[in-house]
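Just so it is clear: chains get the letters A, B, ... in the order the sequence lines come, proteins before strands, and each one is counted from 1. Basis for what follows: all heavy atoms, side chains included, without hydrogens, waters or symmetry-related copies.
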Number of protein chains: 2
Amino acid sequence: MPRKSRAGSDRPTLADVAREAGVSAITVSRAIRSPGIVSQKARAKVEEAVRKLGYTPDPAASALASRSTSTIGLLVPSLTNNVFSDVLRGVYDGAQDTRFFIQIGNYRYSALEEEGLIRAFLSQRPAGMIVSSRDQTDAARALLEQASCPIVQIMETSDDAVDMCVGFDQLASVRAGAEHLRACGYRRLGFLSARMDPRARRRLEAFRDAASAAGLHDEARIVTTPLPSSVGLGRQLLEQLLDRAPDTDAVMCNNDDLAVGALMEARARNIDVPRELGICSYNDIEMARQMVPSLSAVATPRREIGSRAIAMLLAEIESPGSVSERRVDLGFAMMARGSTSPR
Amino acid sequence: MPRKSRAGSDRPTLADVAREAGVSAITVSRAIRSPGIVSQKARAKVEEAVRKLGYTPDPAASALASRSTSTIGLLVPSLTNNVFSDVLRGVYDGAQDTRFFIQIGNYRYSALEEEGLIRAFLSQRPAGMIVSSRDQTDAARALLEQASCPIVQIMETSDDAVDMCVGFDQLASVRAGAEHLRACGYRRLGFLSARMDPRARRRLEAFRDAASAAGLHDEARIVTTPLPSSVGLGRQLLEQLLDRAPDTDAVMCNNDDLAVGALMEARARNIDVPRELGICSYNDIEMARQMVPSLSAVATPRREIGSRAIAMLLAEIESPGSVSERRVDLGFAMMARGSTSPR
DNA sequence: AGCATAAATGACAGCGCAATCATTATCTGA
DNA sequence: TCAGATAATGATTGCGCTGTCATTTATGCT
């Protein structure tokens, strides 16, 4: 029962509006794009005609003629990961009420897919791009470097950014977590991590360094898996850790899902948190804070990263070269809560 | 330190490729879009030239000439809500390896914003649209009805769909939850709900009906708030419920965040779940299943909705009128777990 | 009033591609 | 072998808009 008419769209064009308003097409174009440079009178006539005909500009024609679009590309490695849904929200909120559209690409933690998406996005002549990693393939990085639009790399602050970047010091943030556990008096520190993408790997490395520096490093207490993160996986990883090293007295988790899972597993085993086992989470989504006991966590500025990134991009699109602070560090915070305690 | 070259993009065009390959422009166009209708020889020459020049088609020019794009619009009321991030994933997975792009619009539970987004999206001549509600404004609905592309409404099965729809019976799903609690022997049923959008409201109504039918309705046990849902809010709502009606013996939550919050609040108060208080969740995201005790829940097919919606859309775009099942009910499932038990 | 300047408007071409129709090469079977 | 088909290719045109430059009209100043 096909029922929609696939009517050949005969929507009004600029020329139609121009005829209706008794001005030229280009004046209509200007009245719409930069009302300031058109006389009061002409503008009023155009507005009236637009309303009467129900005119909407054709973005494709505009893009072709002007060689630029109002699309902003946003590349993320995952859509389900809470981290990126927060970033996304920041970006969307910042793009609200502007003429720009956000187009999301999900490269599923695959650098190759990322490269393909970068290529595809750039071929659209986007107004700007936000990319979530600094771990592109060489080809992808070259594409970004040649791109004729501003680009923001998010999540990490790095010195070799393609254009601009906003994030925080991932390594320092993990060190802060490890240091917190040490300061609480925990001495046999474990580390749980899923999905070993480059960023997770760097954080693990930072943990190793921090633990080593404190004389608390024990490789047997580091449990990782390439599987995507989930609460259930957090339970499994803690199980593995306790099988392997039952005397572990605290565990740092590479994200909140794992930490919540670890907390649940501890509860299922009647392990007292924080007395018998300290748990430190990473990212600090709302859920983690609301657990019982509340999870201590390294809080990361996910939403702020999104909103700052889009703000920088919009400013740079507006007037190229105007953004002076091209490398922004938003920092992080160690939130000490009930899942860890001084002993 | 502005440093990106804003080079005037002088990328190769179809004509350049044609010259390089020694064929006409239109042959290049065909070799790329429908290789089947071009001779082996010509195709090979074109492919070689494309590779050599690094040609990528300009989507704007294509859109203008063909009067259609490869964009699929997806309108959701929220980006953070787990429900929609699952839907999103289904949609993106289904669009993978097709020529289509997904463009997300977030209307933040505002019908007016939704209308604006529908207008903006349709002006782009999308290949198709997926919209998340059946509660559009009249103007928005009219726009959708006049649209010249296929449209899928998701989340609910309804008889008055604009074009196609895929979802499940929201009312029956809530009834199943209420019935589960009743069957377990709980008799003083509460209901927690946040963000009273139209869908949440309908579900609350369904709960009232079901409870009434079973002789278990007590308006004092229904606690709602317009605030956006969160785990913390779940804790607060349970607190309010127990203040108001301490003898409540089971609670149905309108989503998983609230249910997890309720579970945590119960734990903080040393209320035994499921013996003293049964908790039934709604949606059944992974986290809910991994709680201790594991949350009983009405499982909704969120990801399947996304993948089915995109599949229907793609089929209909490919050959209009080919989709015969234009109203798809994916059902739901009552998952009985540890947070409720027969008594 | 007269000139210089700025503000406002318009004519025209072309962005890169695909639809349309016309043409040429290739194949089929009696 | 040749008509009659089909497959493969091409020339032309225009999609709807904006950049460019030319032109007209308004404004300020002496």
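The stretch residues 35-51 of chain A participates, sequence neighbours left out, in these side-chain hydrogen bond (donor to acceptor under 3.5 Å, both in side chains) pairs: Glu48(A)-Arg51(A). Among residue pairs with one or both ends in residues 31-40 of chain B, none qualify as salt bridge (charged side-chain N to carboxylate O under 4.0 Å, His left out); sequence neighbours excluded. Residue pairs meeting the salt bridge (charged side-chain N to carboxylate O under 4.0 Å, His left out) criterion with at least one partner in residues 14-32 of chain A, sequence neighbours excluded, are Asp16(A)-Arg19(A), Glu20(A)-Lys52(A).
With sequence neighbours excluded, no residue forms a side-chain contact (heavy atoms from CB on, under 4.5 Å) with Ala44(B). With sequence neighbours left out, the side-chain contact (heavy atoms from CB on, under 4.5 Å) criterion links Ala25(A) to Ala18(A). Judged as a side-chain contact (heavy atoms from CB on, under 4.5 Å), and not counting sequence neighbours, the contacts of Thr56(A) are Ser123(B). For the salt bridge (Lys or Arg N to Asp or Glu O under 4.0 Å) test, no residue two or more places apart in sequence or in another chain qualifies with Glu304(B). Annotation: side-chain contact (heavy atoms from CB on, under 4.5 Å) contacts of Ser68(B) (sequence neighbours excluded): Ser66(B). The ring pair (Phe, Tyr, Trp, His ring centres under 6.0 Å) search around Phe121(A) returns Phe101(B), not counting sequence neighbours.
When each of Ala65(A) and Leu64(B) is assigned the nucleotide of DNA chain D with its nearest heavy atom, Leu64(B) is the one assigned upstream, toward the 5' end.
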Polar pairs (N or O, both sides) under 3.5 Å between protein and nucleotides 8-11 of chain C?
residue: dT9(C); atom: OP1; partner: Ser39(A); partner atom: OG; Å: 2.6
residue: dT9(C); atom: OP2; partner: Ser39(A); partner atom: N; Å: 2.9
residue: dG10(C); atom: OP2; partner: Ser24(A); partner atom: N; Å: 2.9
residue: dG10(C); atom: OP2; partner: Ser24(A); partner atom: OG; Å: 2.9
residue: dG10(C); atom: OP2; partner: Thr27(A); partner atom: OG1; Å: 2.5
residue: dG10(C); atom: O5'; partner: Ser24(A); partner atom: OG; Å: 3.4
residue: dG10(C); atom: N7; partner: Arg30(A); partner atom: NH2; Å: 2.7

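Residues of residues 44-59 of chain A having a heavy atom closer than 4.0 Å to DNA chain C: none are found.
Comparing dG16(C), dG19(D), dC17(D) against the side chain of Leu14(A) picks out dC17(D) as the nearest.
Note that the two end axes of the helix from dA1(C)-dT30(D) to dA30(C)-dT1(D) enclose an angle of 20°, each drawn from 5 base pairs, rounded to 10 degrees.
Here dG14(C) presents its P atom at 13 Å from CZ of Arg67(A), a figure rounded to the nearest Å. A straight line from CD1 of Ile32(B) to P of dA19(C) spans 14 Å, rounded to a whole angstrom. In this entry the distance linking CD of Gln124(A) with P of dG16(C) reads 16 Å, nearest Å. When the P atom of dT18(D) is taken as reference, atom CZ of Arg125(A) falls 15 Å away, rounded to whole Å.
Taking 4.0 angstrom as the limit, Ser29(B) places a side-chain polar atom (N or O) nearer than this to OP1 or OP2 of dA18(C).
Thr137(B) and Glu115(B) are linked by a side-chain donor-acceptor pair at a separation below 3.5 angstrom, with hydrogens and angles left out of the test.
With a 6.0 Å radius and a threshold of 12 heavy atoms from other residues, nucleotides or ligands, Gln96(B) has its CD atom above the threshold.
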